[in-house]
Structures are given as structure tokens and as C-alpha cells.
Amino acid sequence: MDTKIILTEKEMPTQWYNIQADLPEPLPPIRHPGTKEPTRLPPPLFARALDEQEFSTERHIDIPEELQEIYKLWRPTPLHRALRLEKALDTPAHIYYKYEGVSPAGSHKLNTSVAQAYYAKKEGCKRLATETGAGQWGSALAMGCAFFGLECKVYMVKVSYHQKPYRRILMETFGATVVPSPSEDTGIGRKILSEDPNSTGSLGIAISEACEDAGSREDSLYSLGSVVNHVLLHQTIVGQEAMKQLEKADVYPDMIVGCIGGGSNFAGVFLPFVKDKISGKKPNMQIIAVEPQACPTVTKGPYTWDFGDVAGMAPIVLMYTLGHSFVPPPVHAGGLRYHGMAPIICHLVKLGFVEARAVYQIPTFEAAVQFARAEGIIPAPEPAHAIRVVIDEALKCKQSGEKKNILLALSGHGHFDLGAYEQYLSGKLEDFEYPKEKVEEALKELPEVPA
Ligand SMILES: *Cc1c(COP(=O)(O)O)cnc(C)c1O
């Protein structure tokens with residue numbers, strides 16, 4: 001058995017796969033934050049091409065050739081068989097992982113950032129503004145902007161800004177301007193700082209700042225790293241590659257596992273497969289989305305209408321949510337601290353095609369270290385959550401003797417997260433319980449939407 005399956009550049013997919021063509025029920029509309037009526041993406045903020053993709057029901061959308069050339073800087077990415085981990089676990093299960101850490105930004109996020117920079121440039125935009133949690137998205141967008149000669153302004157969640165100086169330096173090296181959020185650069189930032197000068201920030205606050213920035217400038221567009229349909233669409237190149245790679249090994253996965261922050265890396269992997277579950281071809285395939293206990297959006301949140309951001313400026317969407325004003329505890333998986341979840345994932349959970357689980361951060365790091373010592377890759381804390389579940393499932397296979405094929409979405413490496421590993425290794429990491437009262441408080445502020 002080969003330890004990894006490689007595709008040539010000629011085998012790289014040339015189209016994105018759009019799940020909206022194959023949903024058994026269409027997605028609910030998104031709604032304007034003011035009028036509460038169905039709406040498109042806010043027009044001054046997004047490139048027209050992205051708005052089209054957001055609502056498209058075409059099954060396949062061409063990847064522009066110029067973009068394919070950029071993808072080839074790191075794509076196709078490898079699919080590994082985790083032979084050494086399987087052996088360490090003494091499991092009959094076969095574990096495969098699709099590794100996006102080989103991208104120059106260290107994660108899957110570059111797949112959409114270069115696409116967004118491409119369309120922005122094509123439509124005459126000069127500058128992109130965005131938010132970043134752990135710094136992965138900011139790094140990816142900074143790089144995308146550098147490739148297309150655009151300016152880039154990044155609002156970085158303050159707790160990460162201080163925990164991860166190297167991410168900031170990476171962004172600055174690619175030419176971006178980075179400020180800690182909440183910042184003095186926007187009205188919403190100044191308001192939050194005046195109420196709480198010690199605010200550690202949240203992804204929701206940073207989104208509001210970036211939207212305000214881009215909305216107030218003629219030369220700028222806003223860019224989102226997760227959650228929305230067009231981002232999930234761009235990530236489907238990952239799952240299409242994985243499918244081709246597994247076909248070469250004559251394998252179809254029984255189980256696909258990934259972490260969900262906004263949902264994009266995992267959706268990128270499982271969407272090309274889930275259509276076989278929807279069509280009834282693979283009814284028993286399990287698709288498991290993993291989130292932190294400290295921010296258990298899908299496992300504990302209600303499925304309801306909520307704003308995408310803290311300030312209530314972003315569209316209202318139907319999703320699992322902990323409330324747009326919820327600020328989760330500062331767990332080390334910064335990319336998993338969003339209050340909501342991609343509507344596509346929520347819709348598929350609601351329809352019963354995807355299940356969700358929540359795990360604590362100490363057992364998550366235990367799994368990450370076990371994975372690193374077996375496979376040599378130090379995973380980012382986000383996909384480490386998925387590794388926890390993969391290891392648990394592989395151990396269940398050991399009990400039952402089942403030889404399941406498990407596909408893991410390994411969204412990035414953890415080379416900028418070694419501070420978190422240090423805390424784990426020195427026994428200083430703590431588990432955060434589900435912050436029930438704070439969630440209940442936040443859920444009182446849900447918007448009311450006409451039936
Ligand atoms: C941002 C990030 C995530 C979480 O975002 P999704 O949109 O849910 O994928 C997960 N893994 C890594 C490595 C990330 O950088």
C-alpha cells in the first residue's frame with residue numbers, strides 16, 4: 001500500500017462543484033439586516049462574480065485559467081494513508097487524510113483567497129478589507145492580494161494578534177496592513193473599546209469592522225474566509241481531488257470527518273461526496289463535523305435566524321447559532337470560535353446528511369500529539385478536533401473488528417500554533433465547559449424575522 005496518492009497537475013479539477021444543484025430542498029434565502037426581506041449579498045461589499053456564485057444552481061463552475069495556474073503553485077495536494085497511525089492504534093480501519101498544510105499559507109484558505117483576489121482585480125477593485133481569527137485567513141488573503149497587486153487591510157481578533165505575532169509578520173511580509181480588533185479605525189471598534197477597553201475581540205466584531213471599512217470606501221471590497229456559499233464552492237477543489245485520489249486506490253469512504261469553524265474546509269472535502277448520500281447511492285456514509293465544546297454551535301445552538309456579525313450589519317441567515325453577540329472562551333483553535341455556521345452545512349445537518357460532535361481541547365491536543373508522533377505532521381489545533389474523533393472511531397473499529405475507510409480533512413499545519421502545544425505539553429491547558437449562561441444571554445438578542 002502506498003503511503004500517499006499524488007495527482008499530476010493535469011489531473012487537477014478545472015471546475016468547482018456546486019452542491020446547490022443537488023440539494024433535495026433549496027437553501028432558505030438570506031435576509032437583509034434592515035428590511036428582513038430576502039436579499040443578495042450586500043452590493044457595495046462583494047465582487048459581482050462572487051454574488052453570482054453565491055446563488056448559482058449550476059452544478060459545475062469553471063475555474064478561470066489564470067487561477068488554475070496559481071493553484072498549481074501548491075495543488076494538487078497529497079492524500080496520505082495514515083499507515084503509522086493505524087499501526088499505533090492497532091486498528092483495522094484505514095485512515096486517509098487530505099492535507100492542505102502544503103499550501104504556502106499553511107491551510108486550505110488560499111483556495112478561496114486567490115479566487116476572491118482574482119475576481120476583485122478583474123472588476124477594478126484596488127483594495128480588500130477582511131477579518132482574521134487565528135491569522136490563517138488574513139495570511140491567505142494577504143498572499144492572494146500580493147499575487148494580484150491589491151492592497152490588503154486585516155482586522156485581527158485581538159487575542160490572536162497577541163498570541164500569534166508570527167502570523168501578523170507573515171501578513172505584513174506579503175504587504176498587508178494588520179490591526180488588532182476591536183480597533184480605533186472603525187466606528188464599531190471605537191464603540192466596543194469605549195464600553196470594554198479590555199475586550200479580547202471576537203470574529204464577529206472583526207467582521208463588523210472589516211465590513212464598515214470596505215462599505216465606507218469606493219476603492220475597496222470586503223472578503224470573507226468562510227461561511228458563505230461561494231467560499232465553500234471554491235473549497236470543493238479539495239474534495240474533488242480527494243475523490244480522484246481515493247478512486248485510484250479503489251476506495252470509497254465509509255466516514256468523512258472534519259472540523260467546522262465556519263464550515264469551509266470540511267464542506268470542501270465532503271460536498272463532492274455528500275451528493276452520493278443525497279441520491280441514495282451511499283446511504284450509510286457517515287459525515288461527521290467536529291467543533292469545540294467551548295463554542296458548540298451545531299451541537300448546542302438552536303437552528304434559527306441570526307445575523308452573521310456582531311453589529312447586525314451582515315445579512316440574517318438561517319443557521320445553527322449561539323447568538324451573534326456571543327464571545328466564546330479563548331480556546332487555542334481560533335478558527336473555531338465563530339458564533340454561527342455555514343448555511344449549507346446547517347441545512348445538511350437539518351436534513352440529516354451530516355452529524356455534529358463537540359470535543360474538549362485537552363483530549364484534542366492529546367490526539368494531535370499522537371498524530372504528530374506517528375505521521376510527522378503537527379496539525380493546526382482546528383483539524384486536531386477532527387483527529388480526536390478519527391482516533392476514537394478507529395478505536396471503536398478495533399473493538400468491533402470493522403474495517404472502515406475513514407477520510408480526514410486535515411486543513412492545515414500547526415507551525416504557528418506552537419504556543420498552544422507548549423501549554424498542552426506543560427500541563428497548562430484547560431478545558432472550557434460549554435458556557436451555557438453566556439449563550440442563553442446572547443440568544444435573547446436574536447432578530448425577529450417574518451414567517
Ligand atoms: C480557518 C481554519 C479552520 C476553520 O474554518 P473553516 O471555514 O471551518 O474551515 C480550520 N482549519 C484551519 C487550518 C483553518 O485555518
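Only a predicted model underlies this, so the values are computations on that prediction, with no experimental measurement involved. For ligands, and for the atoms within them, numbers begin at 1 and follow the listed sequence.
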>> Please state which option from His385, Gln136, Arg337, Glu382 has its nearest heavy atom closest to atom 10 (C) of ligand 1.
In response: Glu382

>> Show the atoms of ligand 1 that are less than 4.0 angstrom away from any heavy atom in Asn265.
In response: 6 (P), 7 (O), 8 (O), 9 (O), 10 (C)

> Once you round to the nearest 0.5 Å, how far does OH of Tyr97 lie from CG of Leu408?
Replying inline: 9.0 Å

> Taking the six-membered ring of Tyr17, is the NZ or CZ of Lys275 close enough (under 6.0 Å from the centre) and on axis enough (within 45°)?
Replying inline: yes

> Any N or O of Gly261 that comes nearer than 3.5 Å to an N or O of ligand 1?
Replying inline: yes

> When the aromatic ring centroids of Trp16 and His234 are compared, is their separation below 6.0 Å?
Replying inline: yes

>> Check this for me - ligand 1, Leu336, N or O atoms closer than 3.5 angstrom, yes or no?
In response: no

>> Give me the residue, atom name and distance of the protein heavy atom closest to atom 4 (C) of ligand 1.
In response: Gly335 O, 3.5 Å

>> I need the nearest protein heavy-atom contact for atom 14 (C) of ligand 1: residue, atom name and distance, please.
In response: Lys109 NZ, 2.8 Å

>> Does Lys282 qualify as a cation-pi partner of Phe273, given the criterion of NZ or CZ under 6.0 Å from the six-membered ring centre and within 45 degrees of its axis?
In response: no

> Can you list the ligand 1 atoms lying under 4.0 Å from a non-hydrogen atom of Gly263?
Replying inline: 6 (P), 7 (O), 8 (O)

> Going from CZ on Arg40 to CZ on Phe46, what distance comes out if it is rounded to the nearest 0.5 angstrom?
Replying inline: 12.5 Å

> Under 4.0 Å from ligand 1, counting heavy atoms only, is it the side chain of Ile260, its backbone, both or neither?
Replying inline: backbone

> What atoms in ligand 1 come closer than 4.0 Å to a heavy atom of Gly412?
Replying inline: 13 (C)

> Got a sec: does the NZ of Lys4 have more than 12 other heavy atoms crowding it under 6.0 Å?
Replying inline: no

>> Does Lys277 qualify as a cation-pi partner of Phe353, given the criterion of NZ or CZ under 6.0 Å from the six-membered ring centre and within 45 degrees of its axis?
In response: no

> Does the ring center of Tyr118 lie less than 6.0 Å from the ring center of Phe147?
Replying inline: no

>> So if I count the atoms of ligand 1 from 1 in the order they appear, which ones are less than 4.0 Å from some heavy atom of Ser411?
In response: 10 (C), 11 (N), 12 (C), 13 (C)

> What atoms of ligand 1 come within less than 4.0 Å of a heavy atom belonging to Ser264?
Replying inline: 6 (P), 7 (O), 8 (O), 9 (O)

>> Let's go through Leu336 and Ile260 carefully: what are the C-alpha distance in whole Å and the side-chain angles of both, what is the deciding distance for side chain to side chain contact (heavy atoms under 4.5 Å, CB included) to 0.1 Å, and is it a yes or a no?
In response: CA-CA 7 Å; Leu336 305 185; Ile260 47 166; 5.9 Å; no

> Could a heavy atom of His108 be found less than 4.0 Å from some atom of ligand 1?
Replying inline: yes

>> If the cut-off is 4.0 Å to any non-hydrogen atom of Ser226, which atoms of ligand 1 fall inside it?
In response: 6 (P), 7 (O)

>> Please list, in number order, the atoms of ligand 1 under 4.0 Å from a heavy atom of Cys259.
In response: 10 (C)

